[in-house]
Amino acid sequence: MLQVVPVRRVLVTVCAAVVAATAVVVCAGPAAPSGAGSGGAHVVPPPVRDEDRVQDLRGDRLVVTVRRAGLGADGTFEVVCRPGPGHGSHPDAGGACRAVEGNTRWGRDPFAPEPADGVCTMRYGGPATARVTGRWAGRPVDAVFDRSDGCAIERWDRFVPLLPDLRRAPHPLDDFRR
């Protein structure tokens, strides 16, 4: 006995089969010749994008501008970390390079700001601000630092001595507390 199948079901089945076949062809790609003795297809890396090319062949260069830090720490300083051990007009160029290197993790921006939805203590660290610009690990840097709450203070302190160490700054009332 012949069974009647609705036209709609046939169309849906045919469309699904066509989509599945297309996906297999697209994902598999064209057949590549196998290399002699390699036992598989040759894999060719994608071309290098312009934004991935190293633009500054002199190495990693950062310019740090510090304001309202007091204690003679205000100013604009240059740090060049690669090639070489670290040099520039920064008072501790080698330490500054080590601080940034210590905060660098693969796939993460070491200069990224703290998440806006983070939970931070309501602790004010003073009016000091800093801006770091330049290139690090071949990527452009334009980061702003302040000490407006506990998270911002912790972020600032992670970059000492690239940024001035304000943890040791005497409190204005220290003379009266003794």
Side-chain angles (χ1 to χ4, degrees), residues 26-27 29 42-178:
V26 169
C27 291
H42 292 285
V43 178
V44 179
V48 177
R49 300 177 302 181
D50 286 340
E51 61 266 21
D52 289 337
R53 295 182 194 278
V54 175
Q55 301 296 322
D56 188 355
L57 298 177
R58 294 180 301 161
D60 296 327
R61 179 182 175 273
L62 299 172
V63 175
V64 182
T65 302
V66 180
R67 299 190 193 284
R68 297 184 304 215
L71 304 171
D74 291 0
T76 299
F77 310 99
E78 179 183 31
V79 180
V80 180
C81 294
R82 290 189 193 106
H87 55 282
S89 62
H90 192 281
D92 184 6
C97 293
R98 286 189 298 278
V100 178
E101 187 68 41
N103 283 292
T104 302
R105 303 285 181 271
W106 179 256
R108 302 181 107 189
D109 178 7
F111 297 98
E114 296 295 325
D117 61 350
V119 178
C120 303
T121 60
M122 293 175 60
R123 195 173 102 207
Y124 181 65
T129 61
R131 182 170 184 185
V132 179
T133 58
R135 294 190 76 75
W136 180 257
R139 303 272 182 204
V141 174
D142 189 355
V144 176
F145 293 81
D146 64 26
R147 299 177 62 82
S148 59
D149 62 26
C151 293
I153 293 169
E154 193 273 331
R155 179 176 174 242
W156 179 293
D157 291 347
R158 277 195 326 257
F159 283 92
V160 169
L162 176 69
L163 303 178
D165 189 354
L166 301 180
R167 296 172 289 191
R168 292 181 282 154
H171 190 277
L173 298 177
D174 280 349
D175 292 335
F176 296 109
R177 291 183 182 164
R178 292 183 199 170

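Keep in mind the model is a prediction, meaning the values are calculated, not measured.
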Please confirm whether the backbone N or O of Pro161 pairs with a side-chain atom of His90, one donor and one acceptor, at under 3.5 Å?
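Yes, His90 side chain to Pro161 backbone: donor-acceptor pair under 3.5 Å.
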
Keeping the roles fixed (side chain from His87, backbone from Ala93), state whether a donor-acceptor pair exists under 3.5 Å.
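Not a single qualifying donor-acceptor pair exists.
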
For [X] against [Y], the heavy-atom pair lying closest together:
X: Val79; Y: Cys97; result: CG1-SG, 3.5 Å
X: Leu62; Y: Arg135; result: CD2-O, 3.7 Å
X: Ala137; Y: Asp60; result: N-OD1, 2.9 Å
X: Arg67; Y: Asp74; result: C-OD1, 3.6 Å
X: Pro164; Y: Trp156; result: O-NE1, 2.9 Å

Any heavy-atom pair between the side chains of Cys81 and Val100 that's under 4.5 Å?
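Val100 does not reach Cys81 side chain to side chain.
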
Output side-chain donor-acceptor pairs under 3.5 Å for residues 125-133, partner residues at least two apart or in another chain, one line each.
residue, atom, partner, partner atom, Å
Arg131, NE, Asp142, OD1, 2.8
Arg131, NH2, Asp142, OD1, 2.9
Arg131, NH2, Asp142, OD2, 2.7

Only counting residues at least two apart or in another chain, list the ones meeting salt bridge (charged side-chain N to carboxylate O under 4.0 Å, His left out) with Asp157.
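Applying salt bridge (charged side-chain N to carboxylate O under 4.0 Å, His left out) to Asp157 gives Arg147.
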
May I have all residue pairs that pass salt bridge (charged side-chain N to carboxylate O under 4.0 Å, His left out) and include part of residues 108-128, sequence neighbours excluded?
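Residue pairs passing salt bridge (charged side-chain N to carboxylate O under 4.0 Å, His left out), neighbours aside: Glu114-Arg158.
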
Could you name each residue pair satisfying salt bridge (charged side-chain N to carboxylate O under 4.0 Å, His left out) that touches residues 87-107, not counting sequence neighbours?
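Residue pairs passing salt bridge (charged side-chain N to carboxylate O under 4.0 Å, His left out), neighbours aside: Arg82-Glu101.
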
Just jot down the side chain to side chain donor-acceptor pair (under 3.5 Å) partners of Thr104, sequence neighbours excluded, or say none.
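Partners of Thr104 by the side chain to side chain donor-acceptor pair (under 3.5 Å) criterion, ordered by chain and then number, come out as Trp136.
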
Hey, what do you get for CG (Leu166) to CZ (Arg68), rounding to the nearest 0.5 Å?
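Answer for the CG-CZ pair, Leu166 versus Arg68, is 12.5 Å.
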
Please list, chain by chain and in numerical order, all residues satisfying ring-ring contact (aromatic ring centres under 6.0 Å, His included) with Phe159, sequence neighbours excluded.
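ring-ring contact (aromatic ring centres under 6.0 Å, His included) check on Phe159 returns Phe111, Phe145.
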
